[in-house]
Novice: 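Below is a structure I'd like to ask you about.
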Amino acid sequence: MISTILAFMVVTGAAAQAVTYPILPASQIEIDGSSNNTPEWTVYATEIQGEVSVTLSEGGGAMHGQVESASLVVPMRMIKSKKSSLMDRTMYKAMMATQHPEVTYELTDVETMDVTSDTTAILVVGGNLTLGPETNDVQVSVIATMREDGTVAFTGSHPLLISDYGLTPPTAMFGSLRTGDEVRVRFEVLIGPVE
């Protein structure tokens with residue numbers, strides 16, 4: 001029997017304790033988009049920082065936890081195409097990386113949770129996403145999975161419009177290459193192991 005349950009589950013029992021887990025380096029964030037010249041492109045967050053604070057308590061022979069807070073920071077210049085330094089420079093300029101060097105996310109609440117098995121749950125979470133000069137409230141569906149090694153993976157994706165954040169989609173070659181306004185953020189955020 002798994003000795004720990006997903007980090008978002010409701011606290012039961014007594015002797016609650018607060019624990020903070022860092023976001024693990026194996027976490028991944030990818031951003032997909034399109035342009036008038038390329039059907040699809042992807043950029044990758046090569047550095048992800050942050051932490052998740054959980055209140056743990058024991059009940060029924062297992063540890064249960066409820067997330068109290070979660071924060072995530074990606075340095076803008078650590079988002080890279082892995083193909084073209086020109087694309088990276090164009091992106092940083094459009095995203096105002098000098099004035100706004102970080103992309104941040106702060107969890108505000110867990111709106112719904114559907115426990116689908118002993119090791120998985122589907123959640124809808126609310127949070128504040130800051131990109132460039134604007135912060136928007138976003139609602140994201142997340143699949144939480146307890147892995148055999150004790151880590152918890154939170155996976156999902158979220159579409160957003162660059163223009164909603166006070167930014168103009170990147171252009172290059174005197175405007176002949178234009179990036180679409182809508183992008184999709186895909187993520188796998190890992191924390192743990194929960195002991």
Side-chain angles (χ1 to χ4, degrees), residues 1-33 42-45 47-74 79 102-131 134-161 164-165 182-195:
M1 179 177 180
I2 293 174
S3 62
T4 55
I5 304 299
L6 291 170
F8 274 120
M9 295 188 73
V10 176
V11 173
T12 59
Q17 60 179 354
V19 183
T20 298
Y21 300 104
I23 292 175
L24 299 176
S27 300
Q28 300 178 55
I29 298 176
E30 301 177 359
I31 303 160
D32 302 321
T42 301
V43 293
Y44 307 85
E47 181 180 319
I48 304 167
Q49 306 162 7
E51 60 186 26
V52 177
S53 294
V54 184
T55 298
L56 297 175
S57 65
E58 188 170 356
M63 290 300 291
H64 301 265
Q66 179 176 322
V67 169
E68 301 299 334
S69 65
S71 62
L72 185 146
V73 178
V74 176
I79 301 174
E102 295 179 337
V103 180
T104 65
Y105 174 82
E106 292 285 342
L107 179 76
T108 55
D109 61 273
V110 178
E111 298 177 10
T112 63
M113 179 184 67
D114 179 21
V115 178
T116 54
S117 76
D118 285 346
T119 59
T120 59
I122 300 172
L123 312 110
V124 176
V125 300
N128 293 321
L129 177 64
T130 301
L131 172 62
E134 300 289 339
T135 300
N136 288 327
D137 179 43
V138 295
Q139 190 181 66
V140 183
S141 179
V142 179
I143 298 172
T145 306
M146 171 65 73
R147 296 181 169 182
E148 290 185 3
D149 63 1
T151 60
V152 179
F154 301 101
T155 59
S157 67
H158 180 68
L160 61 86
L161 297 178
D164 283 348
Y165 291 84
E182 182 172 335
V183 298
R184 179 169 289 274
V185 179
R186 295 182 287 119
F187 59 89
E188 180 181 66
V189 174
L190 304 174
I191 67 166
V194 180
E195 297 180 354

Novice: What closest approach, in Å, do A70 and V52 show between heavy atoms, and which atom pair accounts for it?
Specialist: CB-CG2, 4.0 Å
Novice: Taking salt bridge (Lys or Arg N to Asp or Glu O under 4.0 Å) as the test, write out the residues that go with E106, two or more places apart.
Specialist: none
Novice: Does V183 have any side-chain contact (heavy atoms from CB on, under 4.5 Å) partners at least two apart in sequence or in another chain, and if so, which?
Specialist: I31, W41, L160, I162
Novice: Does M146 offer a backbone N or O that forms a donor-acceptor pair with the side chain of T119 under 3.5 Å?
Specialist: no
Novice: Less than 4.5 Å apart, any side-chain heavy atom of N128 and any of D137?
Specialist: yes
Novice: With distance as the sole test, does N136 use its side chain to make a donor-acceptor pair with the main-chain N or O of D164 at under 3.5 Å?
Specialist: yes
Novice: Kindly give the heavy-atom pair with the smallest separation between L131 and Y165, and that separation in Å.
Specialist: O-CB, 3.4 Å
Novice: Side chains of residues 184-192: which donor-acceptor partners sit under 3.5 Å, not counting sequence neighbours?
Specialist:
residue	atom	partner	partner atom	Å
R184	NH1	S157	OG	3.0
R186	NE	D32	OD2	2.5
R186	NH1	E30	OE1	3.0
R186	NH2	E30	OE1	2.6
R186	NH2	D32	OD1	3.1
R186	NH2	D32	OD2	3.2
E188	OE2	R147	NH2	2.7

Novice: OH/Y105 to CD1/I48 distance, rounded to the nearest 0.5 angstrom?
Specialist: 14.5 Å
Novice: Sequence neighbours excluded, which residues qualify as side chain to side chain donor-acceptor pair (under 3.5 Å) partners of E47?
Specialist: Q49
Novice: Would you name the heavy atoms of D149 and T151 that are closest together and state the gap between them?
Specialist: OD1-OG1, 2.6 Å
Novice: Can you sort out the partners of T135 under side chain to side chain donor-acceptor pair (under 3.5 Å), two or more places apart, ordered by chain and number?
Specialist: T130
Novice: Please name the pair of heavy atoms, one in E111 and one in G126, separated by the smallest distance, quoted to 0.1 Å.
Specialist: OE2-CA, 3.7 Å
Novice: Under the side-chain contact (heavy atoms from CB on, under 4.5 Å) test, which residues partner T116, sequence neighbours left out?
Specialist: D114, T120, I122
